[in-house]
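Contents: one structure, followed by commentary.
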Amino acid sequence: MDSITDPLGEMNVMVDQLPNRGREAEMLQSMGLETMEDLFVDIPSEVRFKDELPLRGPQSEEEIIADARRLLGSNVAMGGRPSFIGAGLYRNYVPAAVFQLVTRGEFLTAYTPYQPEVSQGMLQAMWEFQTLISELVGLPVANLSLYDGSTAAAEALTCAVRVHNRKATQANTVYVSELIPPDKMSVMENYCQGAEIVIKTLKHHDDGTLNLDELKLAAGSCGVYLEQPNPLGILDEGLITVKDIIGANTALIVGVQPISLGIVEAPGHYGADIVVGEGQPLGSPVTGGGPLYGIFACTKTYLRLMPGRIVGRSIDVDGKEAYCLTLSTREQHIRRHRATSNICTNETLIALMGAMHMALLGPDGLRDLAHRNLAACQCAKEILASTKGIELVHAAHHFNEFSIRVPGSAKDCLAYLDENGIIGGFDLTTWYPQYNDQILVTATDQTSLRDIEALSAQLAMWSMHQGVSA
Amino acid sequence: MSHLFNHSGAENTGYSQPQGLASVNEPSIPKGLLRQQSARWPRLSEPEMVRHYTWLSKRNFGIDTGFYPLGSCTMKHNPRVNEVIAQLPGIADIHPHQPEHHLQGLLSIFYEMQHMLEVCAGMDQVTLQPVAGAQGEFTAIRCIQEYFRQRGETQRTKVIVPDSAHGTNPASAAMCGFEIVEIPSLADGRMDLAALAAVADETTAAMMITNPNTLGLFEADIKEASQIVHDAGGQMYYDGANFNAILGITSPGLMGFDAVHFNLHKTFSQPHGGGGPGSGPIGVKSQLAPFLPGPLAARRSPTAQESSSAVDEYWYHWHQPEHSIGKVQQWHGNAGAVIRCWAYYRRYGNGLKTMSEHAVLNANYLRHAIHREAKKEGVSHLFVDGAETDVAKHEFTLSMQPAKEALGISAMDVAKGLLDKGYMAPTVYFPLVVPECMMIEPTETESKDTLDTFAEQFVQVLQTDAETLHAAPVTTPVRRVDEVYAARNLCLRHPFEDAE
Ligand SMILES: Cc1ncc(COP(=O)(O)O)c(C=O)c1O
């Protein structure tokens, strides 16, 4: 009780969050109780903490923000220097209106729209999000987000097995591109192991494109997961023929970088059954890798066995247009252990940021944005290709990123660049140990010519130190 | 109505862009991959877009709008400084694959959060990787699965859950491949130890339970339950959705649990965002720690070279547990949410107990106020406690079964009546073990005055005739929404075709 009788002291800083500080006695009395302790008589003493939590004291808002500025200020923000790291998350410009609108308390502080009559705003916004995504990827159905691109891909695999397993000649089997980064692969394995799904890998040619001859092996399995652009940034025209090779009863699942779809064909238009992707480039900063949002869209075949929440347009009792969650019988709160997924809390607010960004861009804005990303990538490729000591690994069309070979260890090279104030890219050894002289270089709409020239100059310098003559 | 897809045809874009970079060769993509038809997205100028979303926001109810007593969801106030902090470039503009010396601030905050959660939960190691409560459940059950596989106890194929458990518990365990054994609760809503003892055996991998339970009651027998499961060789899993009741008072560790998830979006005020994002860290006892998904934040003394980037006397680094199950999402968890929750934690520090006390105070106060007011107005026969108890914890349940039988007023009718009074409705029809259930969780951030007024209004709803309640709500942007119509006439996207 000393927290009540001690009106001063540092505990007092929490008064601004607890409206009933100082009214405890009055409230307890109205219930015929005397002390806070009386509210906890049902908790046996053997499971009670004996002492105060051994944690630091409370802080005021001003102290917290000062500490946050100091600690977060010590992190190196990508925007403060030439930065070429991407590998699945992309630095972009999110328009100011998105940030301003998304902090409106009516959106920010609501929860899942269980009461549709007072949640029409978010429900309609998510129904519009479903439409925006559906149009973007060229498929009729989209949910209102999964956790991130990796869980969306993983849930697509389990969904494909639920739908196709009965007729599959390779039951409980899916195929995944061998280039998929190990971290994403690990998510897939974790999601698939419970259903005893076997994940086999698909080979790529040395030029980075998919080996279409080997793809035949995947026919009759439940699903095939490929990415466009692939994890090395390569735009692979071969994907257009994949659906014909694997056939109707094997799901073609394509992972996308959503901005690329401003110029690259929507996978739904070349036979994809499910399209997933990391939504982050549309609407959200990189934020240390989360919160993000996973895109999940599919054909109607998968509708009743797909994961995640879905909004439907309906009517109210007066026949007025209204929106509500629908097809909930797939979900955990109704279907429990037979649910299509365990997801409950999802990434609605980040998806809303995505919707706002898409609404601002419009179709022409998206095309322009895709072109800027393509142009930055092309420009970086040309400059680095003519940089002493540097080679492009793949002669291909790239979106956002491409691999370079450096004369020596990628790790040492990146360390040198870092010492010179440049985040030079992603060390591909992290994904593929055999590529120890390769760096994945990412250029986005936020990359400037000056950044690329700085990278080129330092790469040339490092190459020279490595003994490559000028 | 404002419709996003009615804005079309004009040349507008709400976002003018600078020129792209020039290159020697025109940038190109493979011919066959050129997009043939652009997405039928709307064309809006910025002012139109801002109006549309502002209009939508006005048709949505958040904690900022009014009292939001949604049981099991801990809809507490979200301090605004947390949003300011989350926009700082040191979190918004960092990449998870940057080198450690670029991320010392982030790592130190991760370390502090891991430590704080370990202390609060009485666990040996926390990972911040899972991004929601359900993912925390999935992750911990996966760790338990690998733990038993490594010990050769592969016959442990079952997970026990009480029938009052949240749907994610059985769903998460089933996703790992476990068979679910559901045990019935006692008539008073508490766990049935005899039923537990009858099913716990050498096939049991784990029991999943929350305490206080989903009725808001503390399970005083929890140590006995842990004993039964441990004697059978199983592990105890704590669903931390109800953590707001017990911070600084008791911990899952003290109760005998081996693993626990936190819903940071509940207990630590990450805004719920209309459905997410969340953050669902898990904590485990040492036997499960080697299996956690990494990376975890760790620290040691810095080398001379490192000390120039250090934020304090330690050097922070990522650490991969030895037998890690691998990843459950691709990066380092919802770092942005963790930062907000860190800012929230700093506000209370070792005073977190005061926060929980106030959460419990408010719940009990509201429960009494409703009963008192109902008695005064002569409607106390229309509902009963979902479970009999002297004190509840951070939430409580009421059963509207008597009102249903006497007047044909269901829990849903009462919920809709409350919407007309300007409130968000409590959770209804959960837990499933209470008929016509309303689950009410006021949280610590509501004032006594708000609780008093809500009690009065709640009773007023009960005094309303059934016909009026069946027709409620009438003051909301739309009236009762036809969910059956939505399911029968599926319209999941804008029907462009009809418009053409
Ligand atoms: C009791 C309980 N357990 C688990 C969950 C799942 O948590 P999340 O929604 O964060 O996945 C919830 C919340 O919705 C809950 O109330």
Side-chain angles (χ1 to χ4, degrees), chain A residues 19 31 42 47 55-56 58 64 68 71-72 74-77 101 104-106 108-112 116-118 120-122 128 131 135 150 186 194 237 285 287-291 312-314 316 322 324 326 332-333 336-337 339 342 345-349 360 362-363 365 372 374-375 378-379, chain B residues 4 13-15 20-21 23 27 30 38-39 43 53 56-57 59-64 85 89-90 92-93 96 102 105 132 134 167 170-172 174 176-177 180 218 254 271-278 326-327 330-331 334-336 346 349-351 368 447 476 478-479 481 486 491 493-494:
Chain A
M31 297 183 258
D42 54 341
V47 300
L55 298 170
R56 56 174 304 139
I64 297 167
L71 290 171
L72 295 175
S74 79
N75 292 337
V76 174
L101 288 164
R104 287 188 68 91
E106 299 88 338
L108 183 76
T109 70
Y111 205 9
T112 309
E117 297 82 4
V118 289
Q120 286 299 298
M122 191 57 104
E128 291 169 355
T131 311
E135 281 291 309
S150 72
S186 176
E237 200 168 5
T287 322
R313 194 175 70 177
S314 184
D316 74 356
C324 61
T326 192
Q332 47 74 29
H333 60 285
R336 298 176 76 83
H337 66 278
N342 66 339
T345 296
N346 50 37
E347 306 292 323
T348 297
L349 196 77
L360 275 178
R372 286 172 64 204
L374 194 68
Q378 174 74 14
C379 179
Chain B
L4 192 60
T13 172
Y15 173 48
L21 298 187
S23 47
S38 47
R43 296 169 197 273
Y53 284 102
L56 285 178
S57 77
R59 291 162 71 84
N60 219 53
F61 190 105
I63 303 166
D64 289 4
I85 289 171
D93 195 26
H102 286 194
S172 299
C176 293
I180 307 303
F218 194 83
L254 288 166
H272 287 76
K327 304 290 286 180
Q330 201 173 343
W331 314 97
N334 275 349
R346 282 293 191 91
N350 54 14
H368 276 262
S447 72
T476 46
V478 298
R479 293 185 53 214
V481 180
C491 176
R493 45 169 259 156
H494 180 74

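Numbered from 1 within each chain, the chains take letters A, B, ... in sequence-line order. Model, not experiment: these values are computed from the prediction.
In this structure, chain B has a heavy atom under 4.5 Å from the side chain of A/Leu101, while its backbone stays farther away. For B/Ile85, the parts lying under 4.5 angstrom from a heavy atom of chain A are both the backbone and the side chain. Heavy-atom distances place both the backbone and the side chain of A/Thr348 under 4.5 Å from chain B.
Between B/His494 and B/Leu4 the shortest side-chain heavy-atom distance does not fall below 4.5 Å. In this structure the side chain of A/Glu106 never reaches within 4.5 angstrom of the side chain of B/Arg59, judged on heavy atoms. Here the side chains of B/Arg493 and A/Glu135 are in contact, with some heavy-atom distance below 4.5 Å. Side-chain contact between B/Asp93 and A/Pro285 is absent, with no heavy-atom pair separated by less than 4.5 Å.
Options B/Ala174, B/Pro96, B/Ala335, B/Pro271 differ in how many heavy-atom pairs under 4.5 Å they form with chain A, and the most are formed by B/Pro96. No other option in B/Thr476, B/Ile63, B/Ile180 has as many heavy-atom pairs under 4.5 Å with chain A as B/Ile63. When A/Thr109, A/Leu72, A/Thr287 are compared by the number of non-hydrogen pairs under 4.5 Å with chain B, A/Thr109 comes out ahead. In terms of heavy-atom pairs under 4.5 angstrom with chain B, the leader among A/Gln378, A/His333, A/Glu128 is A/Glu128. Among the candidates B/Gly274, B/Gly336, B/Ser172, B/Pro170, the residue making the largest number of heavy-atom pairs closer than 4.5 Å to chain A is B/Gly274. Top candidate by heavy-atom pairs under 4.5 Å with chain A, chosen from B/Gly326, B/Gly273, B/Gly349, is B/Gly273. The greatest number of non-hydrogen atom pairs below 4.5 Å with chain B, out of A/Val76, A/Thr345, A/Leu349, is found for A/Val76. The most heavy-atom pairs under 4.5 Å with chain A, out of B/Gly20, B/Gly275, B/Gly90, come from B/Gly275. Ranked by heavy-atom pairs under 4.5 Å with chain A, the first of B/Gly177, B/Ser38, B/Gly276 is B/Gly276. Contact count against chain B (heavy-atom pairs under 4.5 Å) is highest for A/Pro363 among A/Gly105, A/Ala375, A/Ser150, A/Pro363. Counting heavy-atom pairs closer than 4.5 Å to chain B, the top residue among A/Gly362, A/Gly194, A/Ala110 is A/Ala110. Contact tally against chain B (heavy-atom pairs below 4.5 Å) for A/Gly288, A/Ser74, A/Ala68, A/Ala339: the top residue is A/Gly288.
Under the side chain to side chain donor-acceptor pair (under 3.5 Å) criterion, A/Thr112 pairs with no residue at all, not counting sequence neighbours. Listed by chain and number, the residues in a side chain to side chain donor-acceptor pair (under 3.5 Å) with A/Arg336 amount to none (sequence neighbours excluded).
A/Asn342 contributes no side-chain N or O that, together with a main-chain N or O of B/Ala171, makes up a donor-acceptor pair within less than 3.5 Å. A donor-acceptor pair is defined here as one N or O able to donate and one able to accept, closer than 3.5 Å; no such pair exists between the side chain of A/Asp316 and the backbone of A/Ala322.
Contact detail for B/Val481 and A/Gln120: the closest heavy-atom pair is CG2-NE2, 4.0 Å.
With rounding to the nearest 0.5 angstrom, the CE atom of A/Met122 is 10.0 Å from the OG atom of B/Ser57.
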